[in-house]
Amino acid sequence: MSTAPRPAQPDPAPGPQHVAIIMDGNGRWAKARGLPRVAGHRRGADAVRRVVRGAGELGVPVLTLFAFSTENWGRPADEVSDLMGLLRHYLRNELEELHRNGARLRVIGNRDGLAGDIVRDISDAERLTGSNARIDVNICINYGARDEILRASRNLARRVAAGEIKPDDIDEARFERELLTAGLPDPDLLIRTSGEQRISNFLLWQCAYAELVFVDTLWPDFGKEHLEQAIAEFRRRERRYGGVRG
Ligand code: IPE
Ligand code: IPE
Ligand code: MG
């Protein structure tokens with residue numbers, strides 16, 4: 001047996017601390033099979049279950065999923081109602097497994113626009129899972145980044161008008177505390193499925209330096225292995241933050 005010292009292995013690039021996903025392509029998945037759009041949304045909810053479990057197994061500390069945007073209210077009323085029904089179903093049926101697996105669930109978005117029973121289910125789920133620490137799972141519902149930034153700005157303007165703070169007190173840290181993601185690290189990896197390459201009003205402030213990974217897979221087909229591939233791609237990226245090569 002050789003006693004020669006083994007060459008030091010380079011440290012593997014660290015994995016992302018916060019993965020955000022724009023879950024897109026449910027409608028096209030259904031259309032390709034001659035099914036109604038709701039069938040795609042149902043299969044999309046199955047993908048959420050798989051990806052949440054997979055993220056936990058891959059050691060992702062924070063996972064944020066875009067489920068319903070402030071613009072999605074503009075879809076036909078029956079589709080909006082199907083999506084809200086699936087959300088109710090998800091909150092009631094997945095809660096136990098999320099809790100058992102140590103997930104802390106948080107819903108990010110403007111709750112004013114949501115039905116009363118959904119708001120109550122959200123509060124119950126957040127209360128039940130609030131001290132879990134294995135993975136943070138954030139689901140964005142009635143979320144729009146411009147709406148979030150405007151509301152943060154209004155809150156700060158009110159504080160200035162009330163004489164509680166001065167305009168110059170508003171720095172990045174102060175501003176971030178007004179956002180719905182206060183206390184979370186910024187996403188370092190943003191994935192969008194279905195081949196579309198746009199942000200669609202998602203986490204505009206928070207994704208300032210996120211690595212973007214666009215995949216052609218439609219959301220209902222997305223699983224742990226796709227997440228793993230996106231994380232591998234993230235690890236190959238060189239992040240510079242406006243600096244020069246290290
Ligand atoms: C994503 O799938 C789900 C939501 C936006 C609610 P889509 O419903 O946008 O599916 P496509 O883009 O029409 O295929
Ligand atoms: C973005 O997808 C919103 C969610 C995934 C919830 P959309 O399908 O609504 O976005 P656009 O219309 O293609 O930009
Ligand atoms: Mg879409």
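Start at 1 and go down the list; that is how both ligands and their atoms are numbered.
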Whether Arg75 engages the ring of Trp73 as a cation-pi pair (distance to the six-membered ring centre under 6.0 angstrom, angle to the ring normal within 45°) should be assessed. no
Nearest non-hydrogen contact with atom 9 (O) of ligand 2 belongs to which option: Ile21, Asn72, Thr193, Thr70? Asn72
Heavy atom to atom 12 (O) of ligand 1, shortest distance: which of Glu71, Arg28, Arg37 holds it? Arg28
Is Arg192 reaching over with its side chain to a backbone N or O of Phe214, donor-acceptor style, under 3.5 angstrom? no
For ligand 1, which atoms sit closer than 4.0 Å to a heavy atom of Ala67? 6 (C)
Between CG on residue Asp186 and CD on residue Glu176, distance to nearest 0.5 Å: 5.5 Å
No-hydrogen, no-angle side-chain donor-acceptor test under 3.5 Å, Asp78 and Ser81: no
Heavy atom of Ser194 under 4.0 Å from ligand 1? no
Per-atom contacts, ligand 1 versus Asn26 - under 4.0 Å to a heavy atom: 1 (C), 2 (O), 3 (C), 7 (P), 10 (O), 14 (O)
Who gets closest to atom 4 (C) of ligand 1 by heavy atom: Glu196, Glu79, Arg75? Arg75
Applying a strict 4.0 Å limit to heavy atoms, is Ser69 in contact with ligand 1? no
min-distance protein heavy atom vs atom 10 (O) of ligand 2 -> Arg192 NH2, 3.3 Å
With heavy-atom distances below 4.0 Å as the criterion, list the atoms of ligand 2 near Phe68. 6 (C)
Do you know which N/O/S atom name in Asp24 is closest to the Mg ion (ligand 3)? OD1
Check for me, please, whether Met23 and Val80 land in the same ILVMFWY cluster - side-chain distances under 4.5 Å, paths through other members count. yes
